Amino acid sequence: MKLRHRLCGRLPSLVFALILFGVIVMPRATAIGQEEMSRPEKQFIKQLQTEIEKVSTNIDRSRGPQAQRAYEGVLKRLQNAPPNSSPLFKKELDTELKRLADFQKKLGELGIEVDAPNAPSGDMNTSSTEISFKDAIAPILVAKCGNCHVRRSRGEFGMANYQSLAQSGMVVPGDPVSSRLIQVIDTGSMPQGNLTVSADELTKLRNWISAGAKNDAANDESLLGLVADDRGTNRPAEPLQVKQADGTQTVSFAREIAPIIASECRGCHVEANRPRGGLNMDSFTTFLRGGDSGALIVPGKSAESLLVKKLSGTADGNRMPAQRPPLPQNQVDLIKRWIDEGAPFDGTTPTLPLKTIAATAKASVSSHEELSTERKKVAEENWDKALPNIPNNHIDRDEFRVFSSLSDERLTAVTDKAEQLVEKIKRQLGLSKNEPLVKGKLTLYVFERRYDFNELSTMVEGYPLPKETKSMWKNSVVDVYVAIAMDRTVDFTAIEPELCRVMTAASVSAWAQGIPVWFADGAGYSTSERLFPKSDEVKLWKQGAESSLAKVTNVDDFAGGKLSRELTGLAGFQLVSAMRTQEANFKRLTAELSKGTEFSTAFSTAFKRDIESWLAGMINTRAGGR
């Protein structure tokens with residue numbers, strides 16, 4: 001009774017307060033909603049907070065030098081804040097700057113002098129004039145990334161020209177924060193050696209990506225080194241066009257010519273810091289471009305080709321290869337016959353390194369057992385490169401090979417579970433029990449420490465992984481593997497959905513040429529969803545996938561691998577799920593792919609339409625619903 005009297009007595013005041021709340025507070029809430037940060041801004045703040053936590057941890061543990069490096073890394077990151085910052089972003093940034101100011105004082109107390117943190121200037125992230133790829137960006141990439149990624153394709157990332165850079169997925173047009181190229185430079189993991197990317201250079205790269213990562217060079221296939229600095233006075237304006245083999249030739253470039261060049265020209269023209277005579281022969285594309293003395297070959301005319309003259313010792317200068325025995329006459333004759341047949345290309349991608357093209361061709365004609373033996377050697381080399389001081393336990397099974405530092409008992413348990421998983425994946429994809437999931441076996445790395453997992457990526461692939469990444473897969477034909485970080489405190493069943501996803505994706509990608517990453521990843525997500533429908537992780541994937549396809553605005557960018565890997569994979573999840581609504585057709589597709597049928601051909605056979613129009617229809621339908 002007393003309570004009711006109290007409420008009645010205060011009712012006018014409560015009503016007045018609620019009116020004020022409706023008039024004042026509600027509009028304020030709406031305003032905050034309107035200030036929501038963009039995706040790049042959210043990612044930037046998240047990454048900045050992670051970096052600042054490293055400073056804090058090292059200061060708390062009195063690790064002065066480590067704290068200084070972490071602090072200076074944060075200052076470098078601040079120079080690359082997203083452009084057109086929202087009010088909420090600026091507020092979050094101000095909070096982090098205050099934390100940094102406190103850490104500057106604490107570092108001073110440790111006797112370490114560092115620059116004060118400053119908010120990034122407005123003109124640092126925007127540009128009144130468009131950044132030129134030809135004049136500003138190509139020279140940076142050649143100077144700082146040339147040895148590993150322009151002249152070679154270390155970690156399977158090559159950018160011999162703009163086209164290969166755009167298709168690598170390392171650059172997300174309009175989104176520098178999500179661009180892996182910026183991330184690896186930002187974290188200091190690239191470039192390696194004594195090279196560094198200056199703050200001004202990094203700003204140019206960010207601004208170029210923010211403006212859409214456009215190319216103003218002659219064309220997308222012009223070699224990056226020549227775009228940046230055309231030193232070859234006798235080079236043709238553009239390289240010879242790649243002529244595809246039609247099956248009538250008697251000599252295979254991939255199987256017979258590429259291995260000779262990759263082996264005999266190494267050091268001077270293949271994987272060379274400074275290719276002699278401006279002649280870069282790392283890839284078929286660069287091979288066709290020639291050097292300072294002009295084009296290397298004249299298709300159809302071996303007698304007029306500089307390459308043949310150099311190998312035969314009839315051209316000016318030294319016989320090639322320099323300081324090595326002359327090539328056996330049967331190899332010279334082979335090269336001559338290939339040129340006389342028009343110098344066609346029968347590999348997968350002309351921008352790939354010649355050694356990769358040669359190894360891929362060899363793998364295609366190797367038996368399951370032969371390829372398995374080669375893959376085991378590669379796995380052992382990878383382990384020694386990443387974890388030289390940690391002995392590896394490994395177990396061979398019919399379908400895969402596990403490398404791990406787990407105890408014998410735990411390793412056996414993981415291997416048994418993985419073997420059961422392979423059989424389930426096969427059933428889901430409609431594959432025969434008697435055929436291997438992957439020709440030459442799948443390599444599976446299982447780590448109990450995330451540090452070891454990250455070392456594999458850093459040392460073998462050439463870049464560290466984002467902190468939230470728990471697994472990865474790779475297919476270079478010669479090497480097909482998955483790696484996963486497994487918390488030692490949890491049972492193996494906790495990682496089964498994730499392992500199923502990457503095992504499926506890696507396996508599907510290895511079946512045939514031209515299988516796009518979005519399809520391989522989509523098949524991985526979809527298969528794991530069917531096998532583990534109640535998993536919390538699968539539920540999160542589905543939530544992300546629901547909106548991902550709607551974010552794809554350009555079919556060519558999506559199909560060409562120019563969007564972020566996460567977005568591409570989750571959009572692929574939606575697309576493959578749509579395919580699987582016609583299960584018979586989907587099983588027909590996987591059956592064709594597992595036989596080695598090229599992807600677009602297999603899709604047309606299974607669904608009675610071309611993949612390009614199907615993709616355009618799916619993506620445009622989502623666009624129309626936005």
Side-chain angles (χ1 to χ4, degrees), residues 368 398-400 419-439 442 473 475 480 496-497 499-535 538-539 541-542 544-546 548-550 552 555 558-559 568-625:
H368 175 73
D398 291 341
E399 297 278 358
F400 58 86
E419 197 163 42
Q420 296 169 15
L421 203 51
V422 167
E423 297 308 313
K424 293 177 182 178
I425 292 171
K426 281 187 173 184
R427 285 197 296 271
Q428 282 293 321
L429 298 177
L431 304 179
S432 167
K433 290 183 179 180
N434 301 321
E435 292 297 319
L437 184 61
V438 179
K439 180 184 176 183
L442 182 69
W473 65 267
N475 166 32
V480 183
E496 276 188 295
L499 183 59
C500 175
R501 181 181 73 80
V502 289
M503 285 179 70
T504 304
S507 302
V508 168
S509 75
W511 286 346
Q513 293 184 15
I515 295 180
V517 171
W518 67 260
F519 179 79
D521 273 335
Y525 280 115
S526 175
T527 300
S528 192
E529 178 203 16
R530 288 177 167 230
L531 290 175
F532 306 98
K534 296 182 180 180
S535 162
V538 169
K539 292 175 183 176
W541 295 341
K542 291 180 70 174
E546 286 174 0
S548 60
L549 191 57
V552 178
V555 177
F558 175 74
T568 299
L570 289 172
F573 184 8
Q574 287 285 87
L575 293 168
V576 173
S577 295
M579 290 181 191
R580 297 186 86 155
T581 59
Q582 302 176 51
E583 190 67 14
N585 289 346
F586 181 77
K587 292 286 180 66
R588 199 172 295 122
L589 170 61
T590 57
E592 287 292 326
L593 292 174
S594 65
K595 292 189 295 186
T597 306
E598 191 270 334
F599 180 73
S600 59
T601 302
F603 186 89
S604 297
T605 301
F607 286 88
K608 307 303 179 186
R609 62 182 302 184
D610 64 275
I611 183 62
E612 291 80 8
S613 64
W614 184 84
L615 263 183
M618 292 293 295
I619 291 173
N620 291 337
T621 298
R622 295 299 195 283

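Source: prediction; values computed, not measured.
Of all the heavy atoms in A506 and L442, the pair that sits closest is CB-CD1, 4.1 Å. The two residues W473 and S509 make their nearest non-hydrogen contact at CZ3-OG, 3.2 Å. The minimum heavy-atom distance between W518 and T568, with the atom names listed, is CB-CG2, 3.5 Å.
Classification of the F599-F603 ring pair by plane angle, with boundaries at 30° and 60°, yields tilted.
Put simply, the side chain of S507 never gets that close to the backbone of V438: no donor and acceptor are under 3.5 Å apart. Under the 3.5 Å distance criterion, the side-chain polar atoms of S526 are left unmatched by any main-chain donor or acceptor of A523.
Within the 4.5 Å cutoff, no side-chain heavy atoms of S528 are placed close to those of T504. You'll find the side chain of L437 reaches within 4.5 Å of the side chain of I425, heavy atoms only. Contact check for V576 versus F519: side-chain heavy atoms found under the 4.5 Å cut-off. Looking at R501 and D521, their side chains come closer than 4.5 Å, going by heavy atoms from C-beta outward. At a threshold of 4.5 Å between non-hydrogen side-chain atoms, the residues L429 and V508 count as touching. Counting only heavy atoms from C-beta outward, the side chains of F558 and L575 approach each other to under 4.5 Å.
We find the CZ-NZ distance between R427 and K433 to be 7.0 Å, quoted to the nearest 0.5 Å.
Checked against the 6.0 Å centroid threshold, W541 and F573 do not count as a close aromatic pair.
Residues passing the ring pair (Phe, Tyr, Trp, His ring centres under 6.0 Å) test with F586: none are found, sequence neighbours excluded. For K426, the salt bridge (charged side-chain N to carboxylate O under 4.0 Å, His left out) partners at least two apart in sequence or on another chain are E399.
Of the charged side-chain nitrogens involved, at least one lies within less than 4.0 Å of a carboxylate oxygen, so that E583 and K587 count as a salt-bridged pair.
Using a 3.5 Å distance cut-off with no hydrogens or angles, the side chains of T527 and R580 do pair a donor with an acceptor.
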